[in-house]
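Heads up: the structure comes next, in structure tokens.
Only heavy atoms go into these numbers, but all of them, side chains included; no hydrogens, no water, no symmetry mates.
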Amino acid sequence: MRAIITGVGHFVPDQKMTNEDLERMVDTNDEWITSRTGIKERRVLEKDKPTSYMAVQAAKTILDRNNVPADELDMIIVATSTPDMMMPSTAAVVQNELNASGAWGFDLSGGCSGFLFALATASQFIETGRHQKVMVIGADKMSAVLNYKDRDTCVIFGDGAGAVLLESSDAKDAGIEDFILHLDGSGAKYLNIPGGGSSQPASYETIDKKLHCICQDGKTVFRHAITGMADVSSEIMKKNNLVGKDIRLFIPHQANSRIIDAVGKKLGMNPDQVVINIQNYGNTTAGTVPIAMSEAYQEKMMKQGDWILLSAYGAGFAWGSLLLKWAMD
Ligand code: UT7
């Protein structure tokens with residue numbers, strides 16, 4: 001059995017936060033943010049709505065468009081670093097909201113690589129014949145974990161969700177072809193949300209120190225991200241006898257347009273092969289790759305039989321690439 005993508009959708013909140021808005025909140029400016037990151041604006045979800053809200057909207061778009069009843073789903077995986085709560089999983093909330101009565105599921109914590117890890121995981125359940133329909137979602141409400149006084153981080157991230165429906169198919173030559181995924185926990189200190197877990201449970205002290213907010217050593221992550229994504233993408237192409245020009249679309253994690261440009265160049269890709277939408281949404285963590293894929297699909301940038309290469313790098317460090325053959329019209 002092959003695992004093919006039969007639907008893709010996304011949701012971003014209506015409310016925009018521009019670079020000019022941030023100039024009024026913290027010591028930064030549009031010129032710095034644009035030239036250093038490529039970001040012009042990002043979306044912010046209402047305070048009273050959780051990550052699951054966006055995940056549900058993204059999933060519903062697909063179910064409605066494909067006319068698939070939610071009770072046909074076998075499994076729901078939500079890749080997120082901003083779950084609604086510590087327990088139960090965001091997947092449980094999504095399952096209930098969708099009325100997906102036949103589905104089990106779980107959250108997957110893979111930082112910015114979460115969606116790739118989730119897609120790879122889901123593909124295994126389908127290829128073994130165990131499941132027929134799996135909803136794979138990448139969703140993060142980063143505004144919930146940002147310190148809007150920390151200019152190193154608050155200008156970069158935004159809120160959003162994307163999803164794909166993965167289904168079993170007996171097609172010989174379509175769908176998820178290969179993936180190479182990595183985890184190196186020695187990078188944990190460079191990008192994390194230290195508070196609120198079992199090592200530093202919520203306390204007055206963790207709140208005073210803003211330990212429930214994301215912090216990163218941007219420069220170190222930047223360096224690793226370029227090498228990590230370029231190397232693993234080269235490796236997967238080589239392993240599958242492909243070169244840069246064989247790939248119709250490279251859909252990388254959207255953390256910084258300078259990272260994307262550098263990786264695209266290293267892979268020998270032309271700009272028209274590389275999907276970039278960071279200017280509109282910033283870094284939505286697990287949301288970036290499926291949102292970019294969904295927009296590329298809406299803009300008819302790929303057709304059946306095209307090679308699509310996904311790649312991501314983030315907290316962990318966790319990174320990897322996934323190669324697939326597009327199966328939709
Ligand atoms: O998705 C998860 C993975 N995350 C990433 O891949 C992020 C990777 N890192 C990055 O994208 C970049 O490192 C950043 C965008 C976070 C920072 O860009 P940078 O070119 O590495 O800047 P920097 O941190 O080296 O800072 C350069 C200067 C500093 O001033 P001095 O020391 O040169 O005087 C900073 O204080 O820019 C200053 N700066 C800012 N200025 C205006 C840092 N943040 C800001 C800001 N506005 N928001």
Side-chain angles (χ1 to χ4, degrees), residues 1-8 10 38 112-113 115-124 126-127 136 138 162 164-182 224-278 288-314 318-329:
M1 275 297 156
R2 300 278 298 198
I4 63 167
I5 292 177
T6 57
V8 54
H10 71 280
C112 296
S113 297
F115 180 76
L116 256 70
F117 284 21
L119 196 52
T121 304
S123 72
Q124 301 308 288
I126 287 181
E127 286 170 16
V136 185
V164 301
L165 179 61
L166 208 58
E167 291 195 56
S168 66
S169 163
D170 48 17
K172 293 271 171 301
D173 188 26
I176 310 295
E177 183 71 22
D178 200 3
F179 51 80
I180 302 176
L181 305 171
H182 294 290
H224 281 85
I226 292 175
T227 321
M229 284 203 284
D231 287 354
V232 74
S233 296
S234 296
E235 187 186 346
I236 202 166
M237 286 196 294
K238 198 164 171 210
K239 190 174 158 214
N240 289 277
N241 298 313
L242 298 170
V243 292
K245 68 172 172 38
D246 298 322
I247 303 294
R248 172 62 202 100
L249 280 187
F250 176 50
I251 308 180
H253 171 52
Q254 311 280 313
N256 187 315
S257 60
R258 289 187 294 141
I259 296 178
I260 298 172
D261 289 345
V263 174
K265 272 202 192 89
K266 274 175 178 268
L267 297 177
M269 308 245 179
N270 292 320
D272 69 345
Q273 292 172 278
V274 183
V275 180
I276 301 190
N277 64 1
I278 191 172
T288 62
V289 172
I291 293 172
M293 186 191 290
S294 174
E295 289 197 334
Y297 175 64
Q298 277 177 353
E299 287 160 28
K300 301 192 186 328
M301 289 171 76
M302 59 272 236
K303 58 179 192 321
Q304 210 172 338
D306 282 344
W307 284 115
I308 309 289
L309 181 62
L310 315 180
S311 190
Y313 196 97
W319 73 103
S321 285
L322 186 146
L323 181 70
L324 63 97
K325 202 168 243 191
W326 196 249
M328 293 163 68
D329 288 329

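With hydrogens and angles disregarded, a donor-acceptor distance shorter than 3.5 Å links the side chain of R248 to the backbone of M301. No donor-acceptor pair closer than 3.5 Å links the side chain of S168 to the backbone N or O of A3. Looking only at distances, no side-chain donor or acceptor of D261 sits under 3.5 Å from a matching main-chain atom of R258. Formation of a donor-acceptor pair under 3.5 Å by the T121 side chain with backbone atoms of F117 is found in this model. Between the side chain of S113 and the backbone N or O of A318, at least one donor-acceptor pair lies under 3.5 Å.
The CD1 atom of I260 lies 3.5 Å from the CD atom of Q254; values are rounded to the nearest 0.5 Å. Note that CG of L309 and OG of S234 are 9.5 Å apart. Values are rounded to the nearest 0.5 Å. Atom CG of L324 is separated from atom CE of M293 by 5.5 Å, given to the nearest 0.5 angstrom. Between W319 atom CH2 and C112 atom SG the span is 14.0 Å, to the nearest 0.5 Å. With rounding to the nearest 0.5 Å, the separation of CH2 in W307 from CG in D246 is 9.0 Å. Rounded to the nearest 0.5 angstrom, L323 CG and I180 CD1 are separated by 9.5 Å.
At least one side-chain heavy atom of L119 sits under 4.5 Å from a side-chain heavy atom of L310. Between I5 and L166, some side-chain heavy-atom pair lies under the 4.5 Å cut-off. Residues V8 and S294 are in side-chain contact: their nearest non-hydrogen atoms beyond the backbone lie under 4.5 Å apart. Under the 4.5 Å side-chain criterion, counting only non-hydrogen atoms from C-beta, Y313 is not in contact with V232. Within the 4.5 Å cutoff, the side chain of F179 has heavy atoms near those of the Q124 side chain.
Applying the salt bridge (charged side-chain N to carboxylate O under 4.0 Å, His left out) test to pairs two or more places apart or on separate chains, those with a residue in residues 295-307 are K303-D306.
Residues E167 and T6 approach most closely at OE2-OG1, 2.7 Å, considering heavy atoms. Across all their heavy atoms, A174 and A327 have their closest contact at CB-CB, 4.1 Å. Nearest approach of A225 to I259, heavy atoms of both residues: CB-CD1, 4.0 Å. Contact between S321 and I236 at its shortest, heavy atoms only, is O-CD1, 3.5 Å. A292 approaches I251 most closely through the heavy-atom pair CB-CG2, 3.7 Å. For the pair A296 and L249, the tightest heavy-atom approach, listed with the atom from each and the gap, is CB-CD1, 3.9 Å.
Remark: of the listed residues K239, K325, K238, K239 is the sole one forming a salt bridge (Lys or Arg N to Asp or Glu O under 4.0 Å) with D178.
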Could you list the donor-acceptor pairs under 3.5 angstrom formed by side chains in residues 262-274, with sequence neighbours left out?
{"residue": "Q273", "atom": "OE1", "partner": "N270", "partner atom": "N", "Å": "2.6"}
{"residue": "Q273", "atom": "NE2", "partner": "G244", "partner atom": "O", "Å": "2.9"}
{"residue": "Q273", "atom": "NE2", "partner": "I247", "partner atom": "O", "Å": "2.7"}

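Residues passing the salt bridge (charged side-chain N to carboxylate O under 4.0 Å, His left out) test with R2, sequence neighbours excluded: E177.
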